[in-house]
Amino acid sequence: MSVIHSRAGLASAPARHAVLPARAGIGLKSQHYRDIVEGQPDVGFFEIHAENYMVDGGPYHHYLGLIRENYPLSIHGVGLSIGAEQALDEAHLDRLAALIERYQPESFSEHLAWSSHGEWFLNDLLPLPYDQTSLVRVCEHIDQVQTRLKRPMLLENPATYVEFASSTLNEAQFIHEVVRRTGCGLLLDLNNAYISCTNHNRDLGAYLAALPLDAVGEVHLAGFAEDRDSAGDRLLIDTHGTPVDNAVWALYRDTLDALGPLPTLLERDNDIPPFGALLAEAAQAERLIHQCCRMRMEVTP
């Protein structure tokens, strides 16, 4: 049974923030530069982490320039710290703006998380309380980013392991209100949704249904690790170091059935396999996208 239900208008119109092709993309890794430049694989798009390219030159820019000539590009930020209590780092935002001006990507996205406090910068994406204070602050930060970049951004739902007792909104309500107030889009990370709902014993179907699904501009798929917490319950960890789990593939099929074809990224940031393994996962996503397209054509009067 599907855990996602279609909303009015979604079956006939693409997501309003979807400017990437409704195909499968791959996270670009330096280990695969030559495979891509020399082989010109049939990939829908590539996605980079912005912070890896915040320098003026070097081999990363050399290869990205060559790849950008032939492929759509998504830039994914991991360091803006949109959920932090402090103001955004203006120097970081300037570097991001310069990168986006240089490559003119089809999409830019960031996380609903924080990773800085005062002069401390943490190598993690940490959760925030979902209350009115956080809501106002996050919306102000997103408004600042979108004004500086002169484009709408996509906000990614997080993978979390703890929740704040002080929250007055649930996560889906919080994201829905952020999207409504700022006009940003949603990067729907299905792996994160599955992880968080499992870890917090949350109803996955209700969580997804409460998100602003009409604002989805990109989908992320990735792998996770599994452990047990002190009570013996499942604890899923967002590692991006394994193939996509079968449960997430099933969730992805439901998502396509409900929302139609969407740009879909296969993420792998740890234990990077040969490029062929990532191509195979992308091909699996592409088959599901094509299947969704065929089914929609068959039911069109």
Side-chain angles (χ1 to χ4, degrees), residues 3-5 7 10 15-18 20 27 47 49 74 76-78 80-84 107-115 124-131 134-135 137-139 141-142 145 152-164 167 169-224 236-240 244-245 247-248 251-252 254-256 258-259 262-267 269:
V3 297
I4 301 178
H5 302 285
R7 294 189 175 190
L10 290 183
R16 59 189 174 92
H17 289 279
L20 289 167
E47 183 165 285
H49 285 172
S74 172
H76 189 50
V78 297
L80 270 179
S81 198
I82 280 176
S107 178
F108 169 71
S109 54
E110 248 287 359
H111 299 82
L112 178 59
W114 62 276
S115 55
D124 210 339
L125 297 167
L126 300 170
L128 58 149
Y130 297 132
D131 56 23
S134 294
L135 180 61
R137 183 175 65 249
V138 168
C139 289
H141 287 171
I142 290 176
V145 171
M153 61 167 281
L154 303 179
L155 184 66
E156 179 180 343
N157 58 292
T160 59
Y161 313 98
V162 296
E163 294 183 304
F164 287 85
S167 291
L169 299 167
N170 64 44
E171 184 173 284
Q173 290 171 330
F174 188 92
I175 292 173
H176 201 289
E177 189 62 16
V178 168
V179 169
R180 187 188 72 81
R181 293 189 185 192
T182 67
C184 76
L186 174 62
L187 194 168
L188 178 59
D189 191 312
L190 292 175
N191 188 60
N192 287 357
Y194 183 78
I195 286 172
S196 294
C197 288
T198 299
N199 289 345
H200 303 305
N201 196 27
R202 184 186 296 151
D203 185 314
L204 179 58
Y207 170 77
L208 291 169
L211 289 172
L213 298 177
D214 58 332
V216 175
E218 185 180 345
V219 171
H220 274 189
L221 304 175
F224 57 78
L236 305 186
I237 303 167
D238 185 31
T239 61
H240 293 187
V244 178
D245 189 84
V248 176
L251 186 59
Y252 178 57
D254 287 346
T255 302
L256 293 178
L259 304 184
L262 288 164
T264 302
L265 181 79
L266 279 299
E267 290 188 289
D269 297 315

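Index from 1, following the sequence. Computation of the quantities below employed the complete heavy-atom set of this structure, encompassing side-chain atoms and omitting hydrogens, waters and symmetry-equivalent molecules. Just so it is clear, the structure is predicted and the values come from calculations on it, not from any experiment.
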Closest heavy-atom pair and its distance - Ser81, His141: O-ND1, 4.4 Å
Between CG on residue Asn157 and CG on residue Leu190, distance to nearest 0.5 Å: 8.0 Å
Residues that Tyr130 engages under ring pair (Phe, Tyr, Trp, His ring centres under 6.0 Å), provided they are two or more places apart: Phe174
Minimal non-hydrogen separation, Gly217 against Pro263, with atom names: O-CG, 3.5 Å
From OH (Tyr252) to CG (Leu262), nearest 0.5 Å: 7.0 Å
Residues Leu259, Leu213; criterion side chain to side chain contact (heavy atoms under 4.5 Å, CB included); working and verdict: CA-CA 8 Å; Leu259 304 184; Leu213 298 177; 4.0 Å; yes
Criterion side chain to side chain contact (heavy atoms under 4.5 Å, CB included) on Val145 and Glu110, from CA distance to verdict: CA-CA 10 Å; Val145 171; Glu110 248 287 359; over 6 Å; no
Pairwise distance OG(Ser107) to CD(Glu218) - rounded to 0.5 angstrom: 5.0 Å
Within-4.5 Å side-chain heavy-atom neighbours: Met153 and Ile82: yes
Smallest separation among heavy atoms of Pro127 and Val162, with atom names: CG-CG2, 3.9 Å
Verdict with reasoning, Glu171 to Ile175, per side chain to side chain contact (heavy atoms under 4.5 Å, CB included): CA-CA 6 Å; Glu171 184 173 284; Ile175 292 173; 4.0 Å; yes
Nearest non-hydrogen partners of Cys184 and Ile142, listed with the distance: CB-CG2, 4.0 Å
Student check: side-chain heavy atoms of Val179 and Leu155 closer than 4.5 Å: no
Pairwise side-chain contact, Leu186 with Val216, heavy-atom cut-off 4.5 Å (strictly under): yes
Nearest heavy-atom neighbours spanning Ala159 and Ile195: CB-CG2, 4.2 Å
Contact check, side chains of Asp245 and Leu236, non-hydrogen atoms, under 4.5 Å: no
Exercise: do Ser196 and Asn199 side chains pair donor with acceptor under 3.5 Å: no
OH on Tyr207 to CD on Gln173, rounded to 0.5 Å: 11.5 Å
Test log, rule side chain to side chain contact (heavy atoms under 4.5 Å, CB included), inputs Leu135 and Arg181: CA-CA 10 Å; Leu135 180 61; Arg181 293 189 185 192; 3.5 Å; yes
Separation of His176 NE2 from Asp214 CG (nearest 0.5 Å): 6.5 Å
Nearest heavy atoms of Leu128 and Ser134, plus distance in Å: CD1-CB, 3.9 Å
All ring pair (Phe, Tyr, Trp, His ring centres under 6.0 Å) counterparts of His76, not counting sequence neighbours: His49, His111, His220
Atom pair OG1/CG of Thr239 and Asn191 - distance to nearest 0.5 Å: 8.0 Å
Qualifying residue for side chain to side chain contact (heavy atoms under 4.5 Å, CB included) with Leu208, from Thr255, Leu188, Asp203: Leu188
